[in-house]
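We name chains A, B, ... by the order of the sequence lines, and we start the count at 1 in each one.
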Amino acid sequence: MKITPNILYEILLDELGIQKWWPVDSSYHKNHSSDPRFEVMVGAILTQNTAWSNVEKALTNLKIKKILEIEKISNIDLEHLREMIKPSGFFNQKAQRIKNLASHLHNNYHSDLNCFFDQELFIIRNELLSLNGIGPETADSILLYAGNFPIFVVDAYTKRICKRLPIKAGDSYDEIQLFFQRELNKKYNTEKLTQIYNELHALIVIFVKNYCKKRPECCKCPIRKYCNF
DNA sequence: GTCCAGGGCCGTT
DNA sequence: AACGGCCATGGA
């Protein structure tokens with residue numbers, strides 16, 4: 001049986017239920033009047049090729065020290081930042097990347113994310129991509145989960161299930177992204193699309209973690225009948 | 001001990 | 001354009 005992004009979304013939602021994403025500790029930001037969108041941005045860099053459990057440790061360190069804010073990180077000593085995020089791995093490059101991002105936001109937007117996100121999608125995307133250490137997936141995660149823009153995030157998991165099922169969406173990041181957006185765009189209006197992109201990416205992550213692992217557990221897979229792997 | 005995780009950069013073909 | 005090496009910690 002042939003499967004499309006629309007069907008994939010319906011089945012995964014039906015089988016796995018609504019996921020709550022992106023994981024952000026909103027009570028922390030209420031108590032500290034900080035911007036949860038910046039936590040998403042930092043998390044997006046920290047989670048590059050890294051297990052989320054390790055990212056949480058790094059984020060917790062930043063919260064304990066109360067430095068999960070644009071202005072503070074743009075001024076922080078780099079060596080100190082390295083120590084804080086050490087559990088997330090790749091801490092040398094990630095510390096530099098996070099500091100660069102914070103400095104950019106501080107210098108160009110006075111640390112005000114409303115100013116930053118109050119621009120057109122493609123402007124923000126190109127700006128993020130111009131920063132060292134922010135590639136297409138990190139940029140799109142920030143746009144979708146921090147900026148609430150309608151853009152579909154493609155990751156290694158998405159590529160894996162496209163290959164295995166298969167869904168012929170292309171090979172490159174941009175091809176796969178445009179394919180999913182075109183298909184889902186046929187069925188949902190723009191308001192709804194942001195929500196669908198958000199949920200589908202979350203569903204794909206949970207699904208791959210539980211079933212479509214590197215060594216897959218096909219016997220209990222909920223979409224086995226659509227799959228040729 | 002081995003494998004792997006919600007990428008991206010840089011140098012080489 | 002495509003590919004390989006590299007970055008690093010912690011859990012399974």
Side-chain angles (χ1 to χ4, degrees), chain A residues 5 8-9 12 16 18-25 36-62 64 78-102 104 125-149 151-164 169-178 180 196-217 220:
Chain A
L8 179 68
Y9 171 70
L12 291 182
L16 304 174
I18 279 263
Q19 311 297 316
K20 357 173 228 177
W21 261 45
W22 180 289
V24 169
D25 179 3
R37 292 174 294 183
F38 186 59
E39 177 175 343
V40 175
M41 300 173 95
V42 172
I45 291 176
L46 289 175
T47 198
Q48 290 170 350
N49 202 40
T50 300
W52 184 255
S53 59
N54 287 352
V55 176
E56 283 183 316
K57 297 178 201 301
L59 287 173
T60 298
N61 287 341
L62 296 174
I64 288 173
L78 189 57
E79 184 59 35
H80 185 209
L81 184 55
R82 282 197 191 106
E83 290 304 312
M84 295 294 97
I85 67 166
K86 204 161 199 169
S88 77
F90 303 136
F91 52 85
N92 286 311
Q93 36 178 319
K94 283 177 180 175
Q96 188 66 63
R97 290 170 183 183
I98 290 168
K99 193 164 160 60
N100 285 350
L101 173 63
H104 178 84
R125 190 171 196 269
N126 287 335
E127 198 169 313
L128 287 169
L129 289 175
S130 75
L131 300 176
N132 184 280
I134 298 188
E137 186 186 336
T138 306
D140 290 341
S141 296
I142 290 172
L143 283 164
L144 179 60
Y145 290 105
N148 211 34
F149 282 95
I151 189 153
F152 183 67
V153 176
V154 177
D155 62 356
Y157 291 167
T158 311
K159 291 178 182 171
R160 178 186 296 173
I161 63 175
C162 283
K163 203 160 207 172
R164 285 182 176 175
D171 296 316
S172 72
Y173 186 97
D174 291 348
E175 282 174 335
I176 297 173
Q177 179 180 55
L178 289 175
F180 271 75
I196 300 290
Y197 294 154
N198 181 324
E199 187 59 26
L200 178 55
H201 178 65
L203 284 166
I204 287 174
V205 171
I206 300 298
F207 168 67
V208 171
K209 275 183 179 171
N210 289 330
Y211 304 101
C212 207
K213 308 171 184 177
K214 203 155 203 178
R215 189 152 47 143
E217 298 179 17
K220 54 173 185 173

Which whole-number value in Å describes the distance from [X] [atom1] to [N] [atom2]?
X: A:Ile98; N: B:dG8; atom1: CD1; atom2: C1'; result: 14 Å
X: A:Arg97; N: B:dG8; atom1: CZ; atom2: P; result: 8 Å
X: A:Gln48; N: B:dC9; atom1: CD; atom2: P; result: 8 Å
X: A:Glu56; N: B:dA5; atom1: CD; atom2: P; result: 18 Å

*Fit a plane to each ring of A:His201 and A:Tyr145, take the angle between them on a 0 to 90° scale, and name the class: parallel (under 30°), tilted (30 to 60°) or perpendicular (over 60°).*
tilted
*Any A:Val42 side-chain heavy atom under 4.5 Å of A:Ile85 side chain*: no
*Side chain proximity check, A:Thr138 to A:Leu128, heavy atoms < 4.5 angstrom*: no
_Nucleic acid contacts of residues 153-164 of chain A, taken as heavy-atom distances under 4.0 Å to DNA chain C_ = none
*Rounded to the nearest 0.5 Å, how far apart are OH of A:Tyr211 and CG of A:Leu16?*
5.5 Å
*Output all residues satisfying salt bridge (charged side-chain N to carboxylate O under 4.0 Å, His left out) with A:Lys213, sequence neighbours left out; order by chain, then residue number.*
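Expected list: A:Glu217.
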_So, using salt bridge (charged side-chain N to carboxylate O under 4.0 Å, His left out) as the criterion, who are the partners of A:Lys99 when residues are at least two apart?_
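Residues passing salt bridge (charged side-chain N to carboxylate O under 4.0 Å, His left out) with A:Lys99: none at all.
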_Pairwise 5' ranking along DNA chain B for A:Leu129 and A:His201, keeping only the more 5' one_ = A:His201
*Considering heavy-atom distances to DNA chain B, does A:Tyr145 or A:Leu131 have its closest nucleotide positioned more toward the 5' end?*
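With A:Tyr145 and A:Leu131 compared, the 5'-side residue is A:Tyr145.
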Contacts table for residues 50-57 of chain A: side-chain donor-acceptor under 3.5 angstrom, sequence neighbours left out:
unit_1  : atom_1 : unit_2  : atom_2 : d
A:Thr50 : OG1    : A:Gln48 : O      : 2.8
A:Thr50 : OG1    : A:Ser88 : O      : 3.4
A:Thr50 : OG1    : A:Lys94 : NZ     : 2.8

*Residue among A:Val153, A:Asp155, A:Val154 satisfying side chain to side chain contact (heavy atoms under 4.5 Å, CB included) with A:Asp140*: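 Exactly one candidate clears the test, A:Val153.
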*Can you name the closest pair of heavy atoms from A:Ile176 and A:Cys162 and give their distance?*
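Looking at all heavy atoms of both residues, the shortest contact is CG2-SG, 4.4 Å.
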_Work out how far the P atom of B:dG8 is from that of C:dG10, and round it to whole angstrom._
23 Å
*asked:* For A:Asn100 and A:Gln96, which I'm curious about, is there any donor-acceptor pair between the side chains at under 3.5 Å?
replied: yes
*A:Gln93 side-chain N/O to A:Phe90 backbone N/O, donor-acceptor pair under 3.5 Å*: no
*Treat primed atoms plus P, OP1 and OP2 as sugar-phosphate and everything else as base, then score nucleotides 7-12 of chain C 5' to 3': B for base contact with protein heavy atoms under 4.0 Å, S for sugar-phosphate contact only, - for none.*
BBBSS-
*Tell me what A:Lys213 touches on the nucleic acid: a base, only sugar-phosphate, or nothing, going by heavy atoms under 4.0 Å.*
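Answer is nothing: A:Lys213 stays at 4.0 Å or more from every strand.
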_Strand-adjacent residues in residues 134-141 of chain A, judged by heavy atoms under 4.0 Å from DNA chain B_ =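 Heavy-atom contacts with DNA chain B come from A:Ile134, A:Gly135, A:Pro136, A:Glu137, A:Thr138.
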